[in-house]
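The sequence lines fix the lettering, A, B, ..., with proteins before strands; numbering per chain opens at 1.
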Amino acid sequence: MEYNFTEIEKKWKQYWADNKVYKVANGSEKPKCYVLDMFPYPSGAGLHVGHPLGYIASDIYSRYKRLKGYNVLHPMGFDAFGLPAEQYAIETGQHPAKTTEDNIKRYKEQLDNIGFCYDWSREVRTSDPKYYKWTQWIFLQLFESWYDRSSQKARPISDLISIFDASGNGEHTSPGDEHLSFNAAEWQQMSSKEQRSVLMTYRIAYQGYADVWWCEALGTVLANDEVVNGVSERGGHPVERKRMRQWFLRITEYAERLLSGLEGLDWTDAMKEMQRNWIGKSSGAVVKFGLSKQPTSLSFGEGRGEASISVFTTRPDTIFGVDFMVLAPEHELVDSITTKEQAAKIEEYKRYVKSRSERERISEVKQVTGCFTGSYVVHPFTGKEIPVWISEYVLAGYGTGAIMAVPAGDERDNAFAKHFNIPITNIFGDRYTGESAYSEKAGTIENSEFLSGMKVAEAIETAIEVLEEKGIGVRKVNYRLRDAGFSRQRYWGEPFPITYVDEVAYGVGEDGLPVELPYVDSYKPGPEGQGPLANITDWVKIKLDNTTQDVDSTSPSPWGRAGEGLRETNTMPGYAGSSWYFLRYMDPGNDNEFASRAATDYWQQVDLYVGGTEHAVGHLLYARMWTKVLHDLGHIGFDEPFKKLLNQGMIQGKSYFFKTVKPLEGVAESNSSSFIISSNKKRVAYEQFATEKAFTENTSLRLRYGQEYVDTNGRLTYDSYQRYIGEHGALPFEILWDKEGGQQFVQLKEEVEKMSKSKYNVVNPDDIVAQYGADTFRMYEMFLGPIDVSKPWDTKGIEGVHRFLKKLWRLYSDESQGIVLVDDVATEDELRIVHKTIKKIGEDIERFSFNTSVSQLMICVNELSSLGCHKRAVLEPLVILLSPFAPHIAEEIWQGCLKQEGSVLDAAFPEYNEAYLTESSIKYPVAINGKRRVDMDFAADATKDVIETAVLADATVQKWMDGKPMRKFIFVSGKMINVVV
RNA sequence: GCGGGUGUGGUGAAAUUGGUAGACACGCUAGACUUAGGAUCUAGUGCCGCGAGGCUUGGGGGUUCGAGUCCCUCCACCCGCACCA
């Protein structure tokens with residue numbers, strides 16, 4: 001019988017499903033192991049060959065752990081809320097619930113096709129009300145708690161109310177408003193509404209304000225992704241930044257713990273480094289600069305009297321080098337300090353900044369922009385008048401939104417000063433040349449009164465001490481991390497369990513959960529940038545006597561009163577559901593809790609989490625924070641979710657581009673959907689292409705699905721083009737064909753990009769599985785290279801893996817004779833091969849080196865084949881080693897050829913015997929002066945002296961030593977020999 | 001711009017701790033078997049050189065008996081940058 005993968009894979013998939021072999025219990029005699037993949041967003045393009053890379057790795061690891069005797073939890077689910085489904089709904093009118101359902105169905109089929117060992121009975125979907133009920137519940141935990149800085153943990157907001165009742169907020173400064181100060185009596189005298197607005201500045205989930213992209217023409221808020229080259233991706237309309245009331249998570253309170261918690265995690269240094277940089281801890285000082293009385297002609301606001309500008313600096317030692325101040329254009333003081341003379345210019349500049357993304361503002365450093373406010377501050381030590389400017393390179397969200405500019409010591413400040421002809425004070429002596437800023441922390445500070453002559457570290461300390469003494473500054477640790485925006489003005493997300501009564505936000509009581517997402521027919525944005533939910537007035541308004549909508553326990557209930565409440569119409573962002581899904585898998589059917597404490601105590605942390613580095617700072621940081629909050633509030637027993645993190649590289653797609661010549665009249669519109677224009681990687685909406693034919697000669701255009709048509713030289717031949725026309729329609733422009741050897745072709749430009757639907761470069765694993773089988777596909781993806789390296793998808797080489805499986809099959813079964821296994825005793829050579837393989841496979845899987853495992857299996861099969869070995873004793877352990885990688889063929893061999901009882905899944909991973917591995921003699925490379933000249937065999941236990949004598953006596957060695965005396969003899973046992981002359 | 005990663009034959013890659021660079025595959029060349037080959041098997045295959053030999057891990061420099069691996073520096077590409085997930 002030959003290797004019929006189609007039949008074998010179908011048969012065993014059915015067997016595994018029928019026997020529920022992947023079902024896992026919450027409890028076992030065996031030790032537990034939790035192996036998790038980052039669940040996918042079910043996109044309309046279906047699963048592509050990049051997704052399974054990590055899934056195969058975790059599947060192999062799970063199967064290996066099971067063979068090693070663990071109770072392995074290996075679940076899968078879907079991150080089902082998100083923007084693409086809604087964008088698709090806007091374009092086609094199809095409801096996101098429907099498309100999401102369809103996409104999930106397709107994803108599951110594709111996943112099952114590859115033969116993963118998921119326990120589907122534990123599947124979660126973030127868009128399922130039974131799931132998001134608990135997302136909402138956790139949100140309420142965040143809303144109903146505050147971060148106690150003294151005990152460094154989250155506590156219920158009711159504790160804070162008790163504290164305020166007893167002693168005001170003296171002990172606990174408000175993280176949202178540091179000027180807030182009241183005693184117990186003042187607190188008690190506040191109205192309920194005032195009290196709740198004070199509490200809002202403490203809550204971990206709170207409301208504040210943030211800028212969003214606003215598109216007037218579409219009447220909607222846009223995601224960064226929907227803004228391309230400064231205009232809306234859809235339609236190409238202008239966009240600007242707009243301030244809106246938003247929900248936030250106070251992740252900044254957790255900055256220190258998120259930082260220190262990294263130390264105990266088994267993540268790569270790169271990953272930890274990225275999180276550290278994202279959190280961006282820096283220490284320095286906040287310094288107050290009082291506003292000068294001059295000039296007096298202010299256009300806005302009056303009596304700046306005692307007003308001052310606070311800046312954060314990590315270099316207080318450079319305070320004598322301050323030549324100007326820069327405020328973020330959004331800074332609250334800008335309007336009140338701008339003089340009449342400068343008002344028009346400032347307004348114009350602010351309009352310009354509104355059109356700029358944050359990324360553009362910080363990255364385009366060569367372009368210096370800014371505007372003088374007309375006002376000055378007074379230097380606290382020298383009394384010098386310092387001009388106050390605004391500029392886009394200062395961001396409102398970081399530090400105090402204002403900086404003291406030291407052009408001698410900071411590159412951007414330097415460029416700014418030169419551009420606007422601001423005189424530069426040198427505080428670094430000879431080290432500042434006038435050419436560029438001196439930003440190193442070496443040498444001493446000069447020209448700085450009491451700091452002169454001090455080294456940087458000393459000067460920083462002294463400066464802070466003096467600033468604090470004089471009451472003009474204070475030591476401060478600052479984080480680059482910002483609170484996480486948690487509102488989206490969208491439909492397809494979790495509704496907030498929040499109701500407004502008299503404009504005060506109240507949490508919906510547990511009885512009212514879940515707050516279900518209402519069905520809609522239209523995804524039109526609501527008025528004034530609100531989400532689509534704002535249009536459903538029936539849903540938004542609720543009667544307050546509805547007793548099922550009980551309010552949280554911590555505040556006077558608004559329910560039971562006459563009148564109406566209004567629901568929050570924002571929805572939660574994509575990362576809400578994914579911040580805790582790993583907990584739900586532990587107890588997915590629980591209707592009373594997000595997961596029982598028994599379940600979370602049993603499974604504990606995720607032992608191995610596999611996913612891409614693109615989640616380094618988003619998802620992974622949020623999930624860590626939510627875990628810490630749930631831990632602080634006593635709901636779970638651990639405060640880090642993912643013990644070990646394995647990053648898989650990205651499988652990229654190859655895209656092909658060609659140069660346009662000239663559009664064909666009339667064809668462009670009818671076939672416009674075949675193209676996206678791309679020039680210098682910048683996308684242009686293709687409506688524009690259809691109507692304006694907005695490309696000229698030499699625009700680079702994407703050939704959609706190019707990888708299916710190009711040949712190995714990256715050429716589109718005339719014949720493939722004919723096929724292309726049949727399948728996708730003609731290209732709407734003239735084609736200039738090159739000719740070579742009678743063949744007509746166009747030379748295409750190849751680019752490696754992320755695999756995505758919008759780039760038309762997606763490769764479906766189903767196609768590969770149909771052609772070669774799931775086992776070949778799995779092994780090929782692993783054989784491609786190290787798991788953490790990104791590479792473009794290429795099927796070159798898949799034949800080799802397929803051949804390997806066929807060759808392996810022939811060890812067990814012959815085309816003409818059927819099963820060929822014999823019971824003979826294994827030889828020493830055979831045992832050495834198989835035990836070497838057992839050792840290597842175990843070690844390789846433990847260190848996630850799956851590509852070398854596949855190599856070793858190939859080596860093993862090659863050697864056994866050339867020995868003509870068909871012995872059970874050798875081939876039985878081999879099939880167990882193979883089973884994590886190629887489970888279908890392994891099961892067929894296990895049960896079909898070896899006639900074993902039960903599944904290979906529950907076999908025991910073989911143990912290797914060291915005795916079979918040791919070789920009696922070792923072949924040493926002998927080098928003279930580091931250059932290998934000859935190989936010599938020595939007994940494994942030969943001493944250095946014996947070897948040295950033999951080596952020096954060797955004719956080849958003597959030839960290369962050329963009569964020179966030996967200076968040194970280097971012998972590395974088991975490795976090599978080096979003679980230095 | 002900032003942060004992170006990667007760079008080794010024609011191609012994917014291996015070298016786990018500073019110790020034989022190129023394992024294992026793809027491709028290619030030649031051959032065997034065969035009605036046939038997109039099956040299978042055998043041999044060869046980093047580059048230069050007739051050869052002895054020399055050169056070779058993105059470029060340049062350094063440490064070392066010895067560097068793909070450590071240090072400095074430069075270059076190229078990929079990923080992320082806070083409302084894509």
Using a heavy-atom cut-off of under 4.0 Å over every strand shown, decide if [X] touches base, sugar-phosphate, or nothing.
{"X": "A/Arg803", "value": "sugar-phosphate"}
{"X": "A/Ile970", "value": "base"}
{"X": "A/Lys959", "value": "sugar-phosphate"}
{"X": "A/Pro786", "value": "sugar-phosphate"}
{"X": "A/Trp213", "value": "nothing"}
{"X": "A/Trp960", "value": "sugar-phosphate"}
{"X": "A/Asn862", "value": "sugar-phosphate"}

Is the phosphate of [N], meaning OP1 or OP2, less than 4.0 Å from a side-chain N or O of [X]?
{"X": "A/Arg488", "N": "B/C83", "answer": "yes"}
{"X": "A/Arg361", "N": "B/C81", "answer": "no"}
{"X": "A/Lys931", "N": "B/U20", "answer": "no"}

Just the rounded figure in Å: distance from [atom2] of [N] to [atom1] of [X].
{"X": "A/Gln856", "N": "B/A15", "atom1": "CD", "atom2": "P", "result": "12 Å"}
{"X": "A/Lys975", "N": "B/U20", "atom1": "NZ", "atom2": "C1'", "result": "11 Å"}
{"X": "A/Tyr88", "N": "B/C84", "atom1": "OH", "atom2": "C1'", "result": "18 Å"}
{"X": "A/Gln652", "N": "B/C78", "atom1": "CD", "atom2": "C1'", "result": "6 Å"}
{"X": "A/Ile787", "N": "B/G5", "atom1": "CD1", "atom2": "P", "result": "19 Å"}
{"X": "A/Met271", "N": "B/G5", "atom1": "CE", "atom2": "C1'", "result": "11 Å"}

Inset, instruction - Measure from the side chain of A/Glu273, starting at C-beta and using heavy atoms only, and say which of B/G4, B/C79, B/C78 lies closest. - result: B/G4
If you measure from the [atom1] atom in [N] to the same atom in [M], how many Å do you get, rounded?
{"N": "B/C70", "M": "B/C2", "atom1": "P", "answer": "24 Å"}
{"N": "B/U40", "M": "B/C33", "atom1": "C1'", "answer": "8 Å"}
{"N": "B/C41", "M": "B/U57", "atom1": "C1'", "answer": "34 Å"}
{"N": "B/A76", "M": "B/A67", "atom1": "P", "answer": "28 Å"}

Legend entry - Ionic contact status for A/Arg490 with A/Glu226, cut-off 4.0 Å: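 A salt bridge is present here (some side-chain N lies under 4.0 Å from a carboxylate O).
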Legend entry - Salt bridge flag under 4.0 Å for residues A/Asp935 and A/Arg932: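 Yes, A/Asp935 and A/Arg932 are salt-bridged.
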Nucleotide paired to [N] in any strand shown, Watson-Crick or G-U, under 3.5 Å:
{"N": "B/G66", "value": "none"}
{"N": "B/C24", "value": "B/G12"}
{"N": "B/C81", "value": "B/G1"}
{"N": "B/A43", "value": "B/U29"}

Inset, instruction - For B/G9, decide between syn and anti, treating a glycosidic angle within 90° of 0 as syn. - result: syn
Inset, instruction - Say whether A/Thr135 and A/Trp580, considering side chains only, have a donor N or O and an acceptor N or O under 3.5 Å apart. - result: yes
Inset, instruction - Using heavy atoms to find the nearest nucleotide of RNA chain B for A/Arg932 and A/Asp794 separately, return the residue whose nucleotide is more 5′. - result: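 Nearest-nucleotide comparison on RNA chain B picks A/Asp794.
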Inset, instruction - Identify, between A/Gln489 and A/Lys806, the residue whose nearest nucleotide on RNA chain B lies closer to the 5' end. - result: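 Whichever sits nearer the 5' end wins; that is A/Lys806.
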Legend entry - Polar side-chain contact A/Asn978-B/C65 base: donor and acceptor under 3.5 Å: yes
Inset, instruction - Decide yes or no, distance alone: a donor-acceptor N/O pair under 3.5 angstrom between the base of B/C84 and the side-chain of A/Gln87. - result: no
Inset, instruction - For this output row, return yes or no: ring centroids of A/Phe248 and A/Phe486 closer than 6.0 angstrom. - result: no
Inset, instruction - Check each of A/Lys354, A/Arg241, A/Arg361 against A/Glu330 using the salt bridge (Lys or Arg N to Asp or Glu O under 4.0 Å) test, and report the only one that passes. - result: A/Arg361
Legend entry - Approximate separation, where rounding is to 0.5 Å, of A/Phe848 CZ and A/Ile787 CD1: 10.0 Å
